[in-house]
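Heads up: the structure comes next, in structure tokens.
Read the numbers this way: they start at 1 and go in the same order the structure lists the ligands and their atoms.
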Amino acid sequence: MTALTDAAAAGAPAGELARGPLPATYRAAHLRKSDVGMFGETDDKDVRKSLHVGEVPMPELAPDEVLIAVMAAAINYNTVWSAIFEPLPTFTFLARFGRQGRWAARHDLPYHVLGSDAAGVVVRAGDGVRRWSAGDAVVISPAYIDHEDPAAQDDSMNAAEPLAWGFETNFGALADFAVVKASQLLAKPPHLTWEEAASTTLCAGTAYRMLVSRRGATMKQGDVVLIWGATGGLGGYAVQLVARGGGIPVGVVSSPARAELARKLGCAGVINRAELNGTLADVKGWRRLGEEIRRQVGEDPHIVFEHSGRETFAASVYVARRGGTVVTCGSSTGYQHEYDYPLSQVGEATRAVQQGRHIGKTAVLCLAPREGLGVQDPAARERAGEDRLRLFREA
Ligand SMILES: NC(=O)c1ccc[n+]([C@@H]2O[C@H](COP(=O)([O-])OP(=O)(O)OC[C@H]3O[C@@H](n4cnc5c(N)ncnc54)[C@H](OP(=O)(O)O)[C@@H]3O)[C@@H](O)[C@H]2O)c1
């Protein structure tokens, strides 16, 4: 702790914070570039081995930035991805960002301070900052946007290269200090504790965008919404948004205790996936899931709220009603989504074609053990273009 962090934690007046000298280093949870590759092919990539807590240098502040004394920060799943260096080491993002030069070049370092959700107190503001000053209690949005791009006027997420702070940029939330753009700040709701305020923005904002926004599922009253992980970070907010917005949330969870919590949050239907006979990896499990949704709320989902990815995506596509929407933002269980039919499921595949639920052509794997095998002339394939050949497969 330093005099400045002590003063911020004690609620010292703005003048005292603004005058307090900045420490040369600060305590931060960070990854080391030298650790990339440390896990090799190990199954259990234990993030405690790659996450270090120690001193890092205090960066210089750009004119449009503020320095925050962080009172609390939330852990999001992107910190898990970062700490296992998958799908890409985040040092790749820092290097790419750094190539923009000037202030961006500061971020390309051999260490990465992580974290994308925080609440704290402003202790310094750059010369170009107008709305915020030392002493302000704030929460931080993870959206690191270039507001000079005109596209940001319409939808900041559509601006050129929107970045996730503390994932694709450095100087993130899990530290005693954080460097953020002034445009990331919101006033802290006064009725929340530091840790409550720090836990809201990333997941609630993402769930809102997925469910409600015009770039998402545009949920309306009466919509049945299936929500995976209904008591998790995203799912917990999704349940509340659907229930308060006049929809009918059906939550999927993995234990009786979570089922009870999901009901308390507002779920009209709750499914404990541990009790589904059969696995969600095949059509029997998907059918059971669909039957259970109908039994509990009377109809198929208009919207499926996805984020778990590989292990659930096929089931999501299967249970969504015709014309329904599967909306997603992540893939915790794996980012390669496969939902092919093996020969044993030829009936289902043909039924999908019969009912027009397919696009393009539907194939079944007979003896081929998996997709992607059988290319005899790779050069010819390359000439034809992988992206053109897989146009429908990727859709
Ligand atoms: N693009 C974005 O801006 C953005 C923003 C936020 C999150 N995300 C991504 O969204 C994902 C979820 O984030 P989160 O913060 O909600 O994580 P979380 O708090 O860990 O919640 C995820 C939930 O998923 C459920 N789950 C886990 N494994 C499952 C499986 N095999 N099948 C079905 N459900 C499973 C778990 O609930 P049960 O065990 O009870 O079923 C868990 O509570 C992550 O991949 C994250 O990176 C993306």
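Between R124 and D136 there is no salt bridge, since no side-chain N of the basic residue sits under 4.0 Å from a carboxylate O of the acidic one.
Considering only non-hydrogen protein atoms, atom 25 (C) of ligand 1 sits nearest to G229 CA, 3.7 Å. In terms of protein heavy-atom proximity, atom 13 (O) of ligand 1 is nearest to L234 CD1, 3.9 Å. Summary of contacts: the protein heavy atom closest to atom 46 (C) of ligand 1 is Y77 CB, 3.4 Å. When hydrogens are left out, the protein atom nearest atom 11 (C) of ligand 1 is S332 OG, 3.4 Å; that is the closest non-hydrogen contact. Nearest protein heavy-atom neighbour of atom 22 (C) of ligand 1: H307 CE1, 3.9 Å. Scanning all protein heavy atoms for the shortest distance to atom 39 (O) of ligand 1 gives S254 OG, 2.7 Å. Of the protein's heavy atoms, G233 N, 2.9 Å lies nearest to atom 19 (O) of ligand 1. At the top of the distance list for atom 1 (N) of ligand 1, counting protein heavy atoms only, stands C329 O, 3.0 Å.
Within the structure, ring-ring contact (aromatic ring centres under 6.0 Å, His included) pairs that include any residue of residues 70-90 comprise Y77-W81 (at least two apart or interchain).
Close N/O approach between G235 and ligand 1 is not found [any backbone or side-chain N/O within under 3.5 Å]. Between G330 and ligand 1, not a single N/O pair is under 3.5 Å apart. Note: no N/O pair closer than 3.5 Å links L202 and ligand 1 by distance alone. Considering backbone and side-chain atoms alike, T333 places every N or O at 3.5 Å or more from each N or O of ligand 1.
Donor-acceptor pairing under 3.5 Å is lacking for the side chains of T333 and E311. For the residue pair H52 / D35, a side-chain donor-acceptor distance below 3.5 Å is found, with atom types taken as modelled. Defined by atom type and a distance below 3.5 Å, a donor-acceptor pair is present between the side-chain atoms of S316 and E306. T79 and S82 share no side-chain donor-acceptor pair at under 3.5 Å. For the 3.5 Å distance criterion, the side chains of S116 and N78 qualify, holding a donor opposite an acceptor.
Residues V180 and L185 have side chains in contact (heavy-atom distance under 4.5 Å, counting atoms from C-beta outward). Residues V270 and V250 fail the side-chain proximity criterion, which asks for heavy atoms closer than 4.5 Å.
Closest heavy-atom approach to atom 28 (N) of ligand 1 among the candidates R273, M157, R258, E311: R273.
W286 and Y318 have their aromatic ring centers within a separation under 6.0 angstrom.
Counting atoms of ligand 1 from 1 in the listed order, those under 4.0 Å from a heavy atom of C203 are 15 (O). For ligand 1 and S331, the ligand atoms under 4.0 Å from any heavy atom of the residue are 45 (O). Per-residue contacts place T206 under 4.0 angstrom from the following atoms of ligand 1 (heavy atoms of the residue considered): 2 (C), 3 (O), 4 (C), 5 (C). Ligand-side atoms of ligand 1 in range of T312: 32 (N), 33 (C), range being under 4.0 angstrom from any heavy atom. Atom numbering of ligand 1 starts at 1 in the shown order; those under 4.0 Å from a heavy atom of V253 are 40 (O), 41 (O). Less than 4.0 angstrom separates some heavy atom of G232 from each of these atoms of ligand 1: 19 (O), 21 (O), 43 (O).
To the nearest 0.5 angstrom, L265 atom CG is 12.0 Å from R263 atom CZ.
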Could you walk me through whether E168 and Y144 pass the side-chain contact (heavy atoms from CB on, under 4.5 Å) test, one step at a time? CA-CA 9 Å; E168 294 167 295; Y144 192 95; over 6 Å; no

